[in-house]
Student: 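I have a structure here, written as structure tokens, and I will follow up with some questions on it.
Residues take their numbers from the sequence shown, with the count starting at 1.
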Amino acid sequence: GMAALALFALALAQVEAPFAGRAFAAYGGVYIAASLTWLWAVEGARPDRWDAIGAVVCLAGAAIILWGPRGA
């Protein structure tokens with residue numbers, strides 16, 4: 001876990017400052033989906049449909065934050 005966090009911090013440091021907040025917000029969506037995957041794969045607790053819907057909503061939100069059209 002610490003190695004993944006260090007890798008994320010290194011990757012975030014490569015992003016231009018005005019976009020770092022967006023990258024961090026997108027990380028939140030990915031973190032939620034990865035947490036549910038961990039719950040299922042390692043802890044043996046299968047996420048229910050509400051977990052899956054929530055993860056999809058979070059990933060959709062992350063995609064909108066990252067790739068939404070912005071004025072020039």
Side-chain angles (χ1 to χ4, degrees):
M2 290 178 67
L5 184 58
L7 182 62
F8 171 71
L10 179 65
L12 189 57
Q14 306 306 311
V15 177
E16 294 179 34
F19 304 108
R22 288 187 187 121
F24 193 67
Y27 167 75
V30 173
Y31 180 83
I32 290 168
S35 296
L36 290 174
T37 302
W38 179 271
L39 176 74
W40 191 358
V42 176
E43 296 180 16
R46 185 175 182 180
D48 63 18
R49 67 179 169 166
W50 297 108
D51 296 325
I53 291 168
V56 169
V57 168
C58 290
L59 290 172
I64 291 168
I65 289 169
L66 280 178
W67 296 305
R70 307 253 179 331

Student: Please list every donor-acceptor pair under 3.5 Å in which a side-chain atom of residues 44-66 meets a protein atom from a residue at least two apart or in another chain.
Tutor:
from  : atom 1 : to    : atom 2 : distance (Å)
Asp48 : OD1    : Trp50 : N      : 3.0
Asp48 : OD1    : Asp51 : N      : 2.9
Asp51 : OD2    : Asp48 : N      : 3.0

Student: Clusters formed by hydrophobic residues whose side-chain heavy atoms approach within less than 4.5 Å: which one holds Leu10, and what are its other members?
Tutor: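 Via sub-4.5 Å side-chain contacts, Leu10 links to none.
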
Student: Glu43: which residues meet the side-chain contact (heavy atoms from CB on, under 4.5 Å) condition with it, sequence neighbours left out?
Tutor: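 Glu43 satisfies side-chain contact (heavy atoms from CB on, under 4.5 Å) with Trp38, Leu39 only.
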
